[in-house]
Every structure is written in structure tokens, then in C-alpha cells.
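Here the structure comes first, spelled out in C-alpha cells, and everything after it is commentary.
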Amino acid sequence: MKQRVLSILRESIAQELVLEKPRDRSFGHYATPIAFSLAKELRKSPMVIADELASSFGKDDAFSAVEAVKGYLNFRLSEKFLDEYATWALSDPKRFARADREGKILLEFVSANPTGPLHIGHARGAVYGDTLLRLGRHLGYDITAEYYVNDAGNQMDLLGLSLQLEAMSSLLKMSVEYPEKYYRGEYLKELAIEAKSEFGVEIFTDQDRTLELASWAKDRVMEIIIKDLADLNIHFDTFVSEASMYEKWDEVVAKLKDGAYKSDGKLWLCSTTHGDEKDRVIVREDGRATYLAGDIIYHHEKFMRGYDSYINIWGADHHGYMARVKSAISHLGFDANALEIELSQMVSLLKDGEPYKMSKRAGNVILMSDIVQEIGSDALRFIFASKKSDTALEFDVETLKKQDSSNPIYYINYAHARIQTLLSKSDMKPEEIVATPLVDLNEDADALLFEALLLPEVIEDAFDSRAVQKLPEYLKSLSARLHKFYYDHRIIGSVDEARYLKLLMVVALALHTGLELLGIEAKDRM
RNA sequence: GCGCCCGUGGCUCAACUGGAUAGAGUAUCGGACUUCGGAUCCGACGGUUAUAGGUUCGAAUCCUAUCGGGCGCACCA
């Protein structure tokens with residue numbers, strides 16, 4: 001809708017302009033502060049310019065009024081314009097709010113180590129990534145969702161060892177001495193039992209079989225992770241194994257050219273040339289590659305696959321890692337700007353105002369699956385999607401269990417369900433309703449209709465600015481308007497029944513589409 | 001010490017990326033059901049946007065400094 005308005009305005013004004021929503025709806029549907037920016041070059045006051053521009057608008061099908069107020073240029077859309085758009089949307093709901101953006105994007109997110117189940121911090125990045133994925137795809141982008149599996153390095157030994165220790169302790173009832181660093185948690189106990197029937201108990205005490213056990217455990221953990229993600233409605237297209245990267249090592253090192261150098265018997269990445277604070281070791285003295293080496297090959301491989309852009313979503317604790325990865329990409333001869341790294345900040349949980357207790361059972365972390373079980377996937381997705389991802393977030397699980405307006409997901413679903421109820425109570429057929437023109441609407445109905453039709457631009461804005469929280473904000477606001485409208489206006493049996501129902505169908509469509517993009521299914525009944 | 005992120009009513013968060021009177025929810029107080037789902041709605045209270053300067057028609061947003069918080073600062077992944 002905004003695009004259509006913009007293209008009309010570009011013709012009339014012949015100038016790029018910003019179109020925004022006025023703070024007060026009485027000003028109109030859209031507004032532009034263009035007169036302010038023109039003031040300098042035209043050497044005239046913004047008010048005068050705005051007046052001139054306003055009067056230059058002739059009769060146009062799209063606008064019912066164009067007014068200049070305090071330097072702003074305000075536009076009121078015509079009912080004809082809004083009705084056509086609404087009818088178009090209802091005629092093919094799946095098409096609503098879609099766009100025809102082009103471009104292949106590789107979106108890498110979660111990529112948690114396969115050494116244990118996902119915890120709550122992972123969930124935020126997972127929800128953020130998946131929401132971007134849904135938004136981007138809706139807009140037409142060809143996006144691949146990828147998970148990078150860190151199945152190499154010390155942590156694999158550690159996983160094998162941790163499992164052996166767990167088994168020795170809980171299955172073999174041996175007394176074991178735990179090293180300083182090892183993994184713990186209920187999942188290891190379960191894996192130990194499985195491993196016992198798979199391999200027999202000998203594997204737990206055989207130091208030569210640690211890696212064999214680790215390799216098996218890693219696959220099992222990935223299965224757990226994939227299942228936990230599926231419970232959140234998150235699915236990946238590709239999983240790339242770190243261990244499989246190293247066969248390309250020689251080829252990639254050669255491409256680094258003078259981006260890498262030998263010193264002290266180690267191989268270093270010359271990352272200081274691209275803003276890193278110091279150069280980084282990529283191959284140790286004993287010939288073992290560091291984690292960064294794997295990441296360099298991985299990103300080389302990503303870029304070789306030829307996407308238009310790359311988005312990585314990392315936990316904020318990895319921010320120090322950005323410079324070296326970008327540096328490596330530059331040294332490999334690729335455009336580091338094509339890689340965009342979004343950080344998702346820390347999460348802390350409360351329960352009844354107190355810090356959420358980490359369970360010993362889970363290994364002193366808050367498991368994502370526990371929270372999903374406690375508050376449900378919808379509530380978790382909604383709360384994470386509603387907050388800017390780059391701000392630390394604190395929330396109370398108890399408020400998300402409530403079934404009233406304090407819980408936004410219930411509030412929105414209730415709005416949607418109310419509409420479905422009305423539609424089922426009416427004797428009118430859907431085709432009749434859609435065929436009714438939306439004319440002579442009162443102020444409330446007009447405002448509600450306009451807001452519902454705003455969804456497409458909210459989606460574009462949310463994706464383009466990587467600010468997914470704009471969608472939940474919008475849905476809350478639309479729901480509030482719907483509830484108020486419902487309260488103020490009788491629908492079934494009124495003379496306006498047909499018009500109002502059509503209006504509500506548009507609202508339901510916007511709510512349904514919006515929720516779907518958040519990975520939440522709109523409820524028809526509560 | 002250095003780097004990144006952040007600081008908005010008591011609390012949890014928004015603010016169209018520099019635009020009109022900084023908005024929601026929650027908490028507190030007070031109202032609205034013989035009416036389509038009250039799981040709702042309407043009021044009131046509550047902010048010098050951490051502080052101090054600067055940039056301009058215009059700043060929560062940009063710049064500088066200070067204070068406060070989180071996270072990093074591995075040849076671990």
C-alpha cells in the first residue's frame with residue numbers, strides 16, 4: 001500500500017521522500033516532512049512549501065484530501081483506494097503482504113555446539129533467526145537456513161570423556177574423579193543408557209574408544225537439538241559439519257596468500273589489517289588447526305556457493321570474533337560486507353520476580369525445552385520476537401502463563417478468535433461479504449481498516465531493518481484497535497453488518513498472516 | 001586497561017533509523033456487563049529519555065566527555 005502511495009507521490013512531487021504515519025490519525029493516513037528538507041534549498045519556510053505542495057495536488061483517485069499542517073504534508077487515502085486494496089487482499093489471502101524481492105541469502109543461525117541440549121540463550125537467536133527467515137521468504141527472497149555443526153576439536157574429546165565419566169559413575173557405580181572441565185546434565189545419563197545397549201559397557205572404560213563414543217553421542221545430541229527446534233517450529237535446510245571442512249584446507253590456505261604468515265612455527269591470520277586487535281593463530285605448532293581455521297574454510301565454502309548476501313546470527317558473547325572472520329573473508333578475496341552479523345543478546349529469566357532457578361538436573365543451565373514445556377512454543381516465540389535482539393532481555397515466565405491481556409499472545413489470539421466467532425454467527429456468505437464495498441465508513445472503521453492494511457509495510461520494515469520486534473508490536477496494536485471496535489460497535493444484525501464483517505475479515509487476515517510469520521498459528525477458538 | 005552492546009515512568013519493553021504532544025503492557029487507584037466471548041473496554045496516576053556539553057528548522061536517536069550496567073579481550077569451541 002505504501003509503495004503504491006509512494007509511486008503516486010513520486011510522480012506528483014518528482015522527488016524522493018519519506019512517508020510516515022502521522023502521530024495522530026486525525027492528520028490523515030500518511031504524512032511526509034518533505035517541506036522541512038526542501039526548506040533549505042528553496043530558501044522558503046517549510047509551511048509555505050507545504051502549502052504550495054498541497055495545493056498542487058489535483059483530483060486523484062487515491063487521495064480524498066491532501067493538507068499542509070505545520071510544515072507537514074498530510075494525505076488522506078480515498079475509500080475507493082482502500083476498498084480496492086482490501087478486496088484484492090481478501091481475494092487471495094496467501095498473496096497478501098507478499099512482495100517480489102529477489103536475491104539468494106544464506107542465513108546461518110543457532111549453530112550451537114552438539115555437546116548438549118539447547119539452553120534458553122540459544123532460543124533467542126533461534127527465534128530471531130527463524131522469524132527473519134519467515135519474513136524474508138514472505139517477501140520473496142530465496143533463503144537457505146543453515147546450521148553449522150561444530151563437530152571437531154577438543155569439545156568432542158570432552159563430550160566422549162564426559163559420557164564415559166557419567167556412565168562409570170551412574171551405570172558402573174565406580175567412583176570417578178571429575179576433571180576441571182566436563183559436561184554434565186541429565187541428557188548424559190540417558191545417553192549412557194543408550195550407549196550401553198549400543199556398544200556394551202566396555203566402551204566406557206576404554207580410553208582408546210573415547211572418540212568413537214563422542215562421535216556417536218554428537219549425532220544423538222544433534223537429534224535432540226533438532227527435535228527441540230522442531231518443537232519451536234524451527235527447521236533448517238542444511239547442516240554443515242565442521243569436521244568435513246578440513247579436507248579443503250590446502251586449497252583455502254593457498255587462497256589466503258599473504259593474509260597468512262608463518263611465525264614461531266605456527267600459521268597466523270593477518271587479521272590486524274582489517275580491524276582486529278591482533279593477528280590470530282590458525283595452525284598451532286603441533287600442526288593442529290584452531291577453531292578459526294575451520295571457520296575460515298567454512299566461510300570460504302559459503303562464499304563459493306555464491307549467495308547474494310550472508311547473514312550470521314551469533315550470541316553477543318561472540319562479538320569479539322567478528323573482526324577476524326571478516327578479515328579472513330577479505331583475505332580470501334571476497335567482499336566482507338556481503339556478510340552481515342547480527343548479535344542476539346543475553347537472556348535472563350525470572351519466575352515470580354525471582355531469578356529462575358537453574359536445575360541441577362540440566363547441568364546448571366536453563367534448558368530451552370524446559371521453558372517450552374512450561375509456557376509453550378507460542379509464548380516463547382512471541383516474547384523473544386517482541387524485543388530488539390541487541391538488548392539484554394529479562395522476562396518472567398509466570399506472566400506468560402496467564403490467560404488475560406497481560407499476556408500479549410492471548411490478547412492477539414482472542415482478537416482473531418472473536419472475528420471468527422462473528423463470521424460464523426452471521427448468516428452472510430463470505431463471497432457476499434467480500435463483494436460489499438467499503439464505503440461511508442465511520443472514523444473507527446476507517447482507522448481499523450487502514451491499520452490492518454499496514455501489515456505489508458510492517459513486514460518490509462521489520463525485515464529490512466532486521467528489527468523483528470516491529471511485527472509483534474503491530475499485532476498488539478491492531479488487536480487493541482479490534483477489541484475497542486468490537487466494544488464500541490454492534491456488528492451482527494446492524495445495518496453495517498456486511499461492511500463491518502468485510503473489515504473484520506481484513507483484520508483477521510492481517511492477524512493470521514502476522515502470527516504465521518512469527519511461527520505461531522492463529523487460533524479460531526480459544 | 002582496551003573493545004562491543006546498552007542506559008527511556010516503580011517494573012518489562014516500544015518509538016516508522018533525525019520528525020508533530022516520547023507510546024504500550026504491568027503495578028496502583030477509580031469506572032463500564034438485561035448487548036455479538038468482560039479472556040474485553042474506559043479513566044486517573046506516573047518521564048528534564050543516566051548526566052553535561054555540542055551539531056540544526058527539529059535529538060531518546062548523531063558527535064564528545066563523564067557516570068552506571070552487561071558481554072568479550074585463547075594457540076576453547
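All chains are named by letter (A, B, ...) in the order of the sequence lines, taking the proteins before the strands, and each is independently numbered beginning at 1.
Stacking here means ring centres nearer than 5.5 Å and ring planes tilted less than 30 degrees, and by that measure Tyr411(A) does not stack onto A39(B).
For Phe27(A) and Phe75(A), the gap between ring centers reaches or exceeds 6.0 Å. Residues Tyr500(A) and Phe485(A) bring their aromatic ring centres within 6.0 Å.
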Begin from the C-alpha positions of Met245(A) and Tyr148(A) and carry the test side-chain contact (heavy atoms from CB on, under 4.5 Å) through to its verdict. CA-CA 11 Å; Met245(A) 287 290 124; Tyr148(A) 182 53; 4.3 Å; yes
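Under the side-chain contact (heavy atoms from CB on, under 4.5 Å) criterion, Lys484(A) pairs with Asp488(A), not counting sequence neighbours.
The side chain of Tyr474(A) contributes no N or O atom lying less than 4.0 Å from OP1 or OP2 of A24(B).
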Below 3.5 Å between N/O atoms, which protein atoms pair up with nucleotides 68-73 of chain B? Just atom names and distances, please.
| residue | atom | partner | partner atom | Å |
| --- | --- | --- | --- | --- |
| C73(B) | O2' | Glu277(A) | OE2 | 3.0 |

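Counting only residues at least two apart or on different chains, the side chain to side chain donor-acceptor pair (under 3.5 Å) pairs with a member in residues 45-54 of chain A are Lys44(A)-Glu52(A). Within the structure, salt bridge (charged side-chain N to carboxylate O under 4.0 Å, His left out) contacts touching residues 451-460 of chain A (residues at least two apart or in different chains) are Arg101(A)-Glu460(A), Glu451(A)-Arg481(A).
Position along RNA chain B of the nearest nucleotide to Phe27(A) versus Thr290(A) favours Phe27(A) as the more 5'-ward residue. Along RNA chain B, the nucleotide nearest to Arg418(A) and the one nearest to Leu343(A) differ in position, and the one closer to the 5' end is contacted by Leu343(A).
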With the sugar-phosphate defined as primed atoms, P, OP1 and OP2, and the base as all remaining atoms, what B/S/- string results for nucleotides 28-36 of chain B, 5' to 3', for protein heavy atoms under 4.0 Å? ----B--SB
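For Asp157(A) against A77(B), no side-chain N or O and base N or O form a donor-acceptor pair under 3.5 Å.
Remark: Lys388(A) does not engage Asp390(A) in a salt bridge, criterion side-chain N to carboxylate O under 4.0 Å.
Glu457(A) comes within contact range of no nucleotide atom at all, as no heavy-atom separation falls under 4.0 Å. Within the 4.0 angstrom heavy-atom criterion, only backbone atoms of the sugar-phosphate kind lie near Lys387(A); the bases stay farther away.
In RNA chain B, the stems built from three or more successive Watson-Crick or G-U pairs (distances below 3.5 Å) are B:1-7 with B:67-73, B:10-13 with B:23-26, B:28-32 with B:40-44, B:50-54 with B:62-66.
Distance CD/Gln155(A) to CG/Asn113(A): 4.0 Å, rounded to 0.5 Å.
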